[in-house]
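Here the structure is a predicted model, which is why all the values come from computation and not from measurement. Order of listing sets the numbers, starting from 1, for every ligand and every atom in it. Residues: numbered from 1 along the sequence shown.
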Amino acid sequence: MRQHTTFRQLEIFEAIARLGSFTRASEELFLTQPTVSMQMKKLAETVGAPLIEQVGKKIHLTPDGLQLAQATREVFDIMDRYTMSVAERQGLKQGRLSLMAITTASYFAPRLLGEFAKLYPGIDVSLRVTNKEQVLASIADNLDDLYFLGQPPEDIDVVATPIMDNPIVVLAAPDHPLAGKKKISLQRIAQEPWLMREKGSGTRNAIERCFAEQEITIRPRLELGSNEAIKQAILAGLGISALSRHTLTLNQPGQFAVLDVEGFPILRHWYAVYPAGRQLSVVARAFLDYLLGRGDAAPAAAGKRK
Ligand code: PGA
């Protein structure tokens with residue numbers, strides 16, 4: 001009866017070819033030496049040609065043996081790829097994805113997560129939306145898979161991938177006298193009563209930097225701790241402000257006037273961030289790939305940031 005080559009025999013043969021020794025191959029595979037020798041004898045019989053030659057203490061592969069070693073490596077590579085793809089599919093069927101977003105990112109993060117969850121309904125998703133301080137503390141503790149931020153942290157070693165543009169635009173009530181004016185100067189806009197986000201807000205930092213670069217100071221009339229509160233104050237005629245354009249997604253077009261101010265929009269990005277030492281899960285990697293494949297990812301490449 002014709003014998004068949006077994007996977008086990010190929011495994012032993014590959015180990016001998018790689019390690020150059022029957023003894024070391026038997027140790028690596030936890031087999032006895034007689035078992036290894038017997039299996040190699042059977043393998044050579046099945047193939048119908050000698051595969052391994054022993055010269056003194058050294059072993060050599062015959063030309064047929066060399067070819068079989070190559071074929072064996074290819075078989076194992078194919079099997080490895082197959083096993084990995086099964087694991088990935090299973091991970092994507094039932095994995096978990098835990099995200100954390102800074103407050104302003106809540107205007108887009110739930111939508112993206114919702115779209116992804118529809119593609120992979122078996123994945124258990126969680127999203128926490130909180131302030132910058134807590135996001136930074138969680139990154140440092142390596143608690144979640146990915147974090148959405150307007151600016152990668154500077155004192156934590158992270159991988160930061162720009163996933164979307166985040167333009168900061170100047171907003172006023174639609175009946176504001178500057179609405180519709182072209183190229184309003186920074187000096188002029190600085191004279192308006194400004195409504196500002198709380199200290200530490202990324203939006204506020206970006207606005208302050210923009211004015212500071214021109215050595216202009218603005219004095220906030222009101223300081224409010226959320227984008228929505230600022231929008232309400234604008235509509236109430238208390239002043240103007242600059243916010244991420246994403247904060248307008250839930251508003252009717254025309255509910256606010258976007259002023260044409262020199263130096264605006266301030267071009268920023270949203271980043272997906274994770275600690276540099278973290279191995280992303282299959283699900284987190286798939287989510288990041290999904291974000292980058294959506295077409296509105298920022299052109300700048302991902303980078304490791306300290
Ligand atoms: P916020 O937004 O801190 O102003 O809420 C995040 C950012 O734009 O950096």
Side-chain angles (χ1 to χ4, degrees), residues 99-113 127-140 143-172 189 194-213 218-234 238-251 256 258-259 261 263-275 288 291 296-300 302-306:
L99 306 174
M100 198 170 193
I102 197 160
T103 343
T104 303
S106 65
Y107 289 97
F108 67 86
R111 182 173 48 82
L112 297 181
L113 187 57
L127 168 67
R128 287 184 295 152
V129 175
T130 181
N131 64 25
K132 187 160 162 189
E133 210 174 303
Q134 285 185 20
V135 174
L136 294 181
S138 296
I139 298 179
L143 293 177
D144 301 82
D145 291 311
L146 286 172
Y147 302 84
F148 292 124
L149 286 165
Q151 195 177 346
E154 279 168 10
D155 48 358
I156 312 174
D157 194 6
V158 295
V159 177
T161 309
I163 52 161
M164 208 186 270
D165 291 342
N166 178 22
I168 309 285
V169 293
V170 181
L171 299 178
I189 208 77
W194 274 78
L195 311 169
M196 285 296 247
R197 286 279 308 276
E198 76 286 1
K199 283 211 168 55
S201 139
T203 311
R204 175 173 177 154
N205 290 346
I207 299 167
E208 286 181 340
R209 248 197 325 271
C210 172
F211 282 96
E213 274 165 15
I218 43 171
R219 250 165 255 100
R221 176 180 200 182
L222 278 185
E223 191 175 290
L224 296 159
S226 81
N227 298 309
E228 289 305 309
I230 296 225
K231 282 156 62 181
Q232 291 305 323
I234 293 172
L238 285 166
I240 63 160
S241 189
L243 294 176
S244 166
R245 188 179 280 147
H246 290 281
T247 63
L248 298 179
T249 44
L250 302 176
N251 291 93
F256 290 91
V258 176
L259 301 187
V261 178
F264 282 85
I266 302 173
L267 298 177
R268 301 180 73 222
H269 292 114
W270 288 112
Y271 293 87
V273 167
Y274 60 94
L288 195 51
L291 295 178
D296 50 3
K304 206 161 159 258
R305 296 281 286 257
K306 280 218 188 219

* To do: Please verify whether a non-hydrogen atom of Lys132 lies at under 4.0 Å from ligand 1.
  =>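 Flag not set, Lys132 not near ligand 1.
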* To do: Among all protein heavy atoms, pick out the one at the shortest distance from atom 3 (O) of ligand 1; state its residue, atom name and that distance to 0.1 Å.
  =>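 For this ligand atom, the closest protein heavy atom is Gly202 N, 2.8 Å.
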* Asked: When you measure from atom 4 (O) of ligand 1 to every protein heavy atom, which one gives the shortest distance, and what is it?
  ->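 The protein heavy atom lying closest is Thr203 OG1, 2.5 Å.
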Any idea which atoms of ligand 1 are less than 4.0 Å away from a heavy-atom of [X]?
{"X": "Arg197", "result": "1 (P), 4 (O), 5 (O)"}
{"X": "Thr104", "result": "1 (P), 2 (O), 4 (O), 5 (O)"}
{"X": "Ile102", "result": "3 (O), 6 (C)"}

* For ring-ring contact (aromatic ring centres under 6.0 Å, His included), just list the numbers for Trp194 and Phe211, CA-CA rounded to whole Å, side-chain angles, deciding distance to a tenth of an Å, and then say yes or no. => CA-CA 12 Å; Trp194 274 78; Phe211 282 96; 5.5 Å; yes
Pairwise distance [atom1]([X]) to [atom2]([Y]) - rounded to 0.5 angstrom:
{"X": "Phe148", "Y": "Ile102", "atom1": "CZ", "atom2": "CD1", "result": "12.5 Å"}
{"X": "Lys132", "Y": "Glu198", "atom1": "NZ", "atom2": "CD", "result": "9.5 Å"}
{"X": "Leu127", "Y": "Leu113", "atom1": "CG", "atom2": "CG", "result": "6.0 Å"}
{"X": "Ile230", "Y": "Glu223", "atom1": "CD1", "atom2": "CD", "result": "9.0 Å"}
{"X": "Met100", "Y": "Leu149", "atom1": "CE", "atom2": "CG", "result": "9.5 Å"}

* Asked: Is there side-chain contact between Met164 and His246, with at least one heavy-atom pair below 4.5 Å?
  ->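 Side chain of Met164 against side chain of His246, heavy atoms only: contact under 4.5 Å found.
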* Asked: How does Arg204 reach ligand 1, by side chain, by backbone, by both or by neither, if only non-hydrogen atoms under 4.0 Å count?
  ->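 The answer is neither.
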* Asked: Side chain or backbone of Arg268 under 4.0 Å from ligand 1, or both, or neither, by non-hydrogen atoms?
  ->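 It is the side chain that gets close, since no backbone atom is under 4.0 Å.
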* Contact check: Ser201 vs ligand 1, nitrogen or oxygen atoms, below 3.5 angstrom ->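 Indeed, backbone or side chain, Ser201 has an N or O that close.
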